[in-house]
Amino acid sequence: MNLPIRPRLLATAACAAILGACAYAQPAPATAADGVLVGANGMTLYTFDRDAGGKSMCNGPCAANWPPLLAPAGASAAGEWSVVTRDDGSRQWAYKGKPVYYWAKDAKPGDRTGDGVNNVWHLARP
């Protein structure tokens, strides 16, 4: 349901009063396009071989080159998607347990220039 804020608040309040709770399906943080995952902006997403145990190992300068797909406050796991907490306390989306990232050198949707960088970065595939 995609209501403007005020009607959404009223709908939530009404639902909570009648049912005790409301559940709105949150949209997936990324979609598949041409065999790879892409963010809402259409940019390709990648995984990092050094990430382990659902934790991002790409921080500081690494994250400047490989910006994480950040999860907003209140985002929660759904289906194959989960949320991991980064070293700086921010939250990042993970697909099948692997945190996902953009590549700063991809200039436009459809670019896939990060695949194979240093033999540790790979296209995120559904």
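Reckoned from all heavy atoms, side chains included, excluding hydrogens, waters and symmetry mates.
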What I want to find out is whether Asp111 reaches Lys105 closely enough, with some N-O distance under 4.0 Å, to be called a salt bridge. no

Single-linkage hydrophobic cluster, 4.5 Å side-chain cutoff, Leu123 and Trp93 together: no

Minimum-distance pair of heavy atoms, taken over all atoms of Gly97 and Pro99: O-CD, 3.6 Å

Please check if atom CG in Asp88 has more than 12 non-hydrogen atoms from other residues, nucleotides or ligands closer than 6.0 Å. yes

Minimum heavy-atom distance between Ala104 and Ala64, given as atom pair plus value: CB-O, 3.9 Å

By ring pair (Phe, Tyr, Trp, His ring centres under 6.0 Å) - contacts of Tyr102 (at least two apart): none

Check whether any side-chain heavy atom of Pro29 lies under 4.5 Å from a side-chain heavy atom of Trp81, and answer yes or no. yes

Can you see which heavy atom on Pro126 is nearest to which on Ala32, and at what distance? CG-CB, 3.8 Å

Is it true that Val83 and Val100 fall in one hydrophobic cluster, defined by side-chain heavy atoms closer than 4.5 Å? yes

Least distance between heavy atoms, Asp106 atom then Thr44 atom: OD2-CB, 3.9 Å

With side chain to side chain contact (heavy atoms under 4.5 Å, CB included) as the criterion, how do Trp121 and Trp66 come out once you've worked through the C-alpha distance, each side chain's angles and the decisive distance to 0.1 Å? CA-CA 10 Å; Trp121 290 97; Trp66 298 93; 3.4 Å; yes

Hydrogens and angles aside, do Thr113 and Trp103 bring a side-chain donor and acceptor to less than 3.5 Å of each other? yes

Write down the atom of Cys58, the atom of Ala63, and the distance for their closest heavy-atom approach. SG-N, 3.5 Å

Test Tyr95 against every option in Thr47, Leu69, Leu45, Leu37 by the side chain to side chain contact (heavy atoms under 4.5 Å, CB included) rule and name the one that passes. Leu37

Could you give the distance from CD (Glu80) to NZ (Lys98), rounded to the nearest 0.5 Å? 13.0 Å

Heavy atoms of Val84 and Ala94 approach each other most closely as CG1-CB, 4.1 Å

Exercise: do Arg86 and Ser56 side chains pair donor with acceptor under 3.5 Å: yes

Heavy-atom side-chain proximity of Val36 to Val38 below 4.5 angstrom: yes

Would you sort out whether His122 and Tyr46 count as a side chain to side chain contact (heavy atoms under 4.5 Å, CB included), showing the intermediate values? CA-CA 5 Å; His122 308 284; Tyr46 299 87; over 6 Å; no

Within the supplied structure, the quantity of interest is the number of heavy atoms (other residues, nucleotides, ligands) at a distance under 6.0 Å from Arg112 CZ; does it exceed 12? yes

Working note: Asn65 + Tyr101, criterion side chain to side chain contact (heavy atoms under 4.5 Å, CB included); need CA distance, chi angles, decisive distance, verdict. CA-CA 9 Å; Asn65 288 318; Tyr101 308 82; over 6 Å; no

